[in-house]
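First comes the structure, then the notes that go with it.
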Amino acid sequence: MTKFLAVCSTGLGSSFMVHMNIDKVLKEMGITGIDVDHADLGSVSRGDADAVFVGRDIAEAAEGLGDVVVLNSIIDLNELRAKVGDAAQRYGHSAG
Amino acid sequence: MDAVLDVLLDIFTKPAVIVALIALIGLAVQGKGFSDVLKGTVRTLVGFLVLAAGAGVVVGSLDPFGAMFQSAFNVQGVVPNNEAIVAQVLLDYGSAAALIFFFGMIINIVLAATTRFKYIYLSGHVAFYIAAMFAVILAVAGFEPWAVVLWGSIAQGIYMVVSPALVQPFMRRVTGTDDVALGHTGGTGIALGGLVALLTRGKGTSKSTEEMNFPKGLGFLRDTTVIVALSMAVIYIIVGLFAGATYIETELSNGENFIVYLLLLAATFSAGVFIILAGVRVVLAEIVPAFKGVSEKLVKNAKPALDVPIVFTFAPNAVLIGFLSSFVGGIVGMLAMVAMGTTVIVPGVIAHFMTGAAAGVIGNATGGRRGAVLAAFANGIAITFLPLLLLPVLGDVGFSNATFSDADYGVFGLILGGLSVAGGQIAIMAGLVISLAVLYTITFVMRARDKAKAKAESTPEALAAEEKADEIVEAGHPAAAPNTGKH
């Protein structure tokens, strides 16, 4: 199963919100088969997820976690929709 | 019969069980299937126990710190760290805290649905922490357990709409929209920072922090585990040098080299915070989505109040400037306390990072670089002195080596504590009822004003046109603002 992970520095608030929003946009697009979760920067290592979503403020710290998707604004649903759609396509999921 | 009651009482006064039941309700409300409900409920139960286990680890690393500080400076040294203090508080006040957290969410939804304060406070971790503080203050004020929950929940619900409202004028400058709010216990400190930036902006000529090149390689600052361990190591070593190698090696470390001992103790503190955060994450995982879902259904035009990192992406340079400036404020405040001979509040690095950074971003949006520096510095001073003033209100908890860190704990805790000192339980109850009345009065006044305005400005034709326009705006609202995280 493809795994997307939203990451922030404590893994409590903003990554959780991005996680819930990723769930929401995947549902909107009718994409299934992707497991979404959230975590703190300190406990994630390369290979934990197929794609890792972070805000641009922690992009530098998240380098090296593999396929890192950097969000310019973590409250912009349009940006998230586009980037989640692209990532889903990269792992062979298409909108249903 | 009594035996059965005793067993029931044993079960339902365990905070882990209460939190698990809240998760159970949350999962049921979302219409999850049996296996998901079972899984989520058990995970929450275990998550809470993980959280409680972390308390032991944190306390184990703070006790020697307290002893060392006392020996070195002859005053108490307190580390403001929400995770550390909450985990300890929950051992004694866990059931009340969990119930206040739960009913506070319900009151938040009611207030958002019926007043102009449309905020839904979605940062579950800090909401849980402040619920724990309300539980302590009301218990110290002498309320019966059921009254602690009743009045605590009202305080919690009021808090959840007021804190975001205080920051919102400044949030609008950052995000350019009124649809998203900031929900964090640093709220009053961040708003204070915004106010300072506004008052000192002069002609507004200070350039934005984002127009400067900032050194790379500071990315590690974003890793909480690393930054907490490193900063605590520095603090432990400094205090250790004052306490002296002899004292530590004879009294605390059983002869182990004091530097090695202190470095591992600092790392242990970070380990404790790591465990607590892991527990909190599991506990919230099932509860917050339910709260979010229910509030979206019941509150029209709700504004989600979200955790501080939502503003970080708007000005990454201001984040680092804000952290450093707030931390400097914390050190200045600490030195002042050492000079005055009071209990010493050691700078809490997570608080300076999270709320200092947000104050920096808000200050930058208001008054450029100068605004960012001064806003965060003001926040840093506030979150150093407020915890000091808060300590007496917290009863026995105030004598622990850790305390609550962000500005809202100080401000709202002192209001409740001040009422208690001034007039006991009656004053607290009156204060909360008056606060509710104020929220509704503001709502009615604003509604009346809007109506009068619409009437005065409109000829009958224009009024009709405006009504139509209003309908379009409301109908089109979700589509008009899809890029804001608001649903």
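In what follows, chains are A, B, ... by sequence order, proteins preceding strands, each numbered from 1.
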The interface call for B:Thr225 against chain A, heavy-atom contacts under 4.5 Å, is side chain
Let me confirm one number: the CG-CG distance from B:Leu320 to A:Asp57, rounded to the nearest 0.5 Å. 9.0 Å
Using a cut-off of under 4.5 Å for heavy-atom pairs, which of B:Ala285, B:Gly124, B:Ala357 has the most such pairs with chain A? B:Ala285
So which residue, B:Ala315, B:Ser123, B:Pro289, ends up with the most heavy-atom pairs under 4.5 Å with chain A? B:Pro289
By side-chain hydrogen bond (donor to acceptor under 3.5 Å, both in side chains), B:His184 pairs with (sequence neighbours left out) none
CZ/A:Phe16 to CG/B:Leu122 distance, rounded to the nearest 0.5 angstrom? 9.5 Å
Give every residue pair that meets the salt bridge (Lys or Arg N to Asp or Glu O under 4.0 Å) criterion with at least one member in residues 269-283 of chain B, sequence neighbours excluded. A:Asp40-B:Arg281
More than 12 non-hydrogen atoms from neighbouring residues, nucleotides or ligands closer than 6.0 Å to CZ on B:Arg43, yes or no? no
Before giving the answer on side chain to side chain contact (heavy atoms under 4.5 Å, CB included), spell out for B:Thr175 and A:Ile75 the whole-Å C-alpha distance, their side-chain angles and the decisive distance to 0.1 Å. CA-CA 9 Å; B:Thr175 62; A:Ile75 52 175; 4.2 Å; yes
The criterion is side-chain hydrogen bond (donor to acceptor under 3.5 Å, both in side chains); which residues satisfy it with B:Glu210, sequence neighbours excluded? none
Give me the contact list for residues 2-12 of chain A versus chain B, heavy atoms only, anything under 4.5 Å, ordered by residue number. A:Ser9, A:Thr10, A:Gly11, A:Leu12
How about B:Ile310 and A:Met17: do any of their side-chain heavy atoms sit closer than 4.5 Å? yes
OG1/B:Thr313 to CG/A:Asp76 distance, rounded to the nearest 0.5 angstrom? 9.5 Å
Taking every non-hydrogen pair under 4.5 Å, which of A:Leu71, A:Asp23, A:Ile74, A:Val18 racks up the most with chain B? A:Ile74
